[in-house]
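Reviewing the structure listed below.
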Amino acid sequence: MIRNSWWRYVPMVRNTPKIPKKKKKKTEVCSRLEAESGSMVYTAKVGPSILSSDLSQLGRECERMMECGADYLHLDVMDGHFVPNITFGHPMVECLRRCIGPDPFFGLEALLTLCRITDMHMMVSRPEQWVKPMAAAGANQYTFHLEATTNPGSLIKEIRESGMKVGLAIKPGTTVEELAPWAGQIDMALVMTVEPGFGGQKFMEDMMPKVSWLRSQFPSLDIEVDGGVGPDSIYRCAEAGANMIVSGSAVVSSDDPRSVIALLKNVVMEAIQKRSLDR
Ligand SMILES: O=C(CO)[C@@H](O)[C@H](O)COP(=O)(O)O
Ligand SMILES: [Fe+2]
């Protein structure tokens, strides 16, 4: 039974430290926690976007990506309104869960496989309406667009109460300062590096200052980049401070997805290591 299963509430490897209740600036809290732990608290992760894959073989494609070393799967939900394209919704996520997810009682390995499946990139108007259906379908993280809602605070709360992690995305035209007030309440910030809607577009290097700024202000935050990211652009993303890497066509269309995933991850790991040595 997929709906309301207990394993949905088992967190992915937690990389956002618990913020003390006392009111403090996010930057102060992060610096203190990092100073105490003596290390960076985020890790390199690669999440293939399966938008560019053969959608008639979606279950198989997701399995293939996980076998090739994907840390998570990035699923692009488009409603034909927020973006000029349509993909799929929660019924398909539920089917994927059934298809890919092994019996959670098979043990820790199976549990980890389940936990890393679904980062839902919600390119939809009124993202509020799909929180509960996505949670029931087995989504682990719900990433909504700041441009699509008038009340990010209550949406963040609702996503958390539904047992999912919270991602907040911004389109290329939205400034990072607009995202900043919510950064202390989210698990991940997504900086779009193409106009959302289609895979296979050209990487927008001019988005990198947004990533650098976020990394400097929120040293422990998971920062994701999405759009045109592959072996050519990964160095810029890693240098700017992104640690969650979405890659669609560069991974999915490659003859050797395993090597591409490994390369992307290594470049980010090296940048994280360098950053921690430089501090
Ligand atoms: O959200 C989107 C596009 O809107 C992305 O997730 C793309 O699907 C990534 O594909 P590539 O640009 O890497 O081919
Ligand atoms: Fe995406």
Side-chain angles (χ1 to χ4, degrees), residues 1-16 45-79 82 86-124 126-145 148 155-169 186-188 190 222 224 226 244 246 248 251-252 261:
M1 183 71 177
I2 299 291
R3 207 171 290 272
N4 294 329
S5 301
W6 59 270
W7 45 261
R8 208 161 40 73
Y9 298 95
V10 177
M12 290 198 276
V13 178
R14 190 85 193 158
N15 49 18
T16 312
K45 297 183 196 114
V46 177
S49 155
I50 43 85
L51 187 60
S52 322
S53 65
D54 177 354
L55 294 180
S56 71
Q57 306 291 322
L58 211 45
R60 180 67 206 107
E61 284 292 271
C62 289
E63 278 174 341
R64 185 169 74 99
M65 289 300 116
M66 291 195 294
E67 282 160 16
C68 286
D71 294 294
Y72 65 100
L73 293 174
H74 175 91
L75 304 184
D76 291 302
V77 176
M78 305 186 186
D79 67 352
F82 183 73
I86 296 180
T87 54
F88 44 75
H90 58 92
M92 202 214 63
V93 176
E94 189 162 345
C95 291
L96 277 179
R97 272 290 182 197
R98 266 196 222 110
C99 163
I100 303 168
D103 184 333
F105 296 101
F106 276 5
L108 185 62
E109 184 53 37
L111 201 57
L112 289 174
T113 306
L114 278 167
C115 287
R116 67 185 173 171
I117 286 180
T118 48
D119 165 29
M120 308 305 310
H121 180 189
M122 302 300 295
M123 287 164 276
V124 299
R126 297 184 51 225
E128 294 80 6
Q129 66 185 319
W130 306 118
V131 173
K132 285 192 174 64
M134 278 300 179
N140 302 114
Q141 177 162 298
Y142 194 93
T143 301
F144 66 95
H145 269 267
L155 184 48
I156 290 169
K157 190 165 170 280
E158 200 185 330
I159 296 168
R160 244 189 237 305
E161 284 170 359
S162 299
M164 295 182 288
K165 293 177 88 175
V166 182
L168 180 54
I186 60 178
D187 296 294
M188 187 199 82
L190 163 53
D222 273 332
E224 186 177 64
D226 181 15
M244 290 184 70
V246 175
V251 168
V252 174
I261 291 174

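Since we're looking at a predicted model, the values are computed, not measured. Excluded from the calculations below are hydrogen atoms, water molecules and symmetry mates; all remaining heavy atoms, backbone and side chain alike, are included.
For the side chain to side chain contact (heavy atoms under 4.5 Å, CB included) with M123, the lone residue among D76, T143, D79, V77 that qualifies is D76. Across E224, K45, K165, a single residue satisfies side chain to side chain contact (heavy atoms under 4.5 Å, CB included) together with D119, and that is E224.
Between E128 and E158, the shortest heavy-atom contact is O-OE2, 3.9 Å. Here the shortest heavy-atom pairing between M134 and M120 reads CE-CE, 3.8 Å. When all heavy atoms of V246 and S49 are compared, the pair lying nearest together is CG1-CB, 3.8 Å. For the pair S162 and A135, the tightest heavy-atom approach, listed with the atom from each and the gap, is O-CB, 3.6 Å.
Note: L73 CG to T118 OG1 = 8.0 Å, rounded to the nearest 0.5 Å. In this structure, Q57 CD and L55 CG are separated by 10.0 Å, a value rounded to the nearest 0.5 Å.
The backbone N or O of M78 lies less than 3.5 Å from a partner atom in the side chain of T87, making a donor-acceptor pair. Between the Y142 side chain and the P127 main chain, a donor and an acceptor come within less than 3.5 Å of each other. Looking at D187, its side chain does come within 3.5 Å of a backbone N or O of V166 through a donor-acceptor pair.
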Evaluate K132 against E161 for salt bridge (Lys or Arg N to Asp or Glu O under 4.0 Å), listing each step before the verdict. CA-CA 10 Å; K132 285 192 174 64; E161 284 170 359; over 6 Å; no
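By the neighbour-count criterion of 12 heavy atoms within 6.0 Å, atom CZ of R126 is sparsely surrounded, having that number or fewer from other residues, nucleotides or ligands.
Scanning for side-chain hydrogen bond (donor to acceptor under 3.5 Å, both in side chains) contacts around E61 gives R64, with sequence neighbours left out.
With contacts defined as side-chain heavy-atom distances shorter than 4.5 Å, the pair Y72/M244 qualifies. Within the 4.5 Å cutoff, the side chain of L168 has no heavy atoms near those of the L190 side chain. Contact of the I156 side chain with the F144 side chain is registered, since non-hydrogen atoms from C-beta on lie closer than 4.5 Å. Using a 4.5 Å cut-off on side-chain heavy atoms (C-beta onward), L96 and V93 make no contact.
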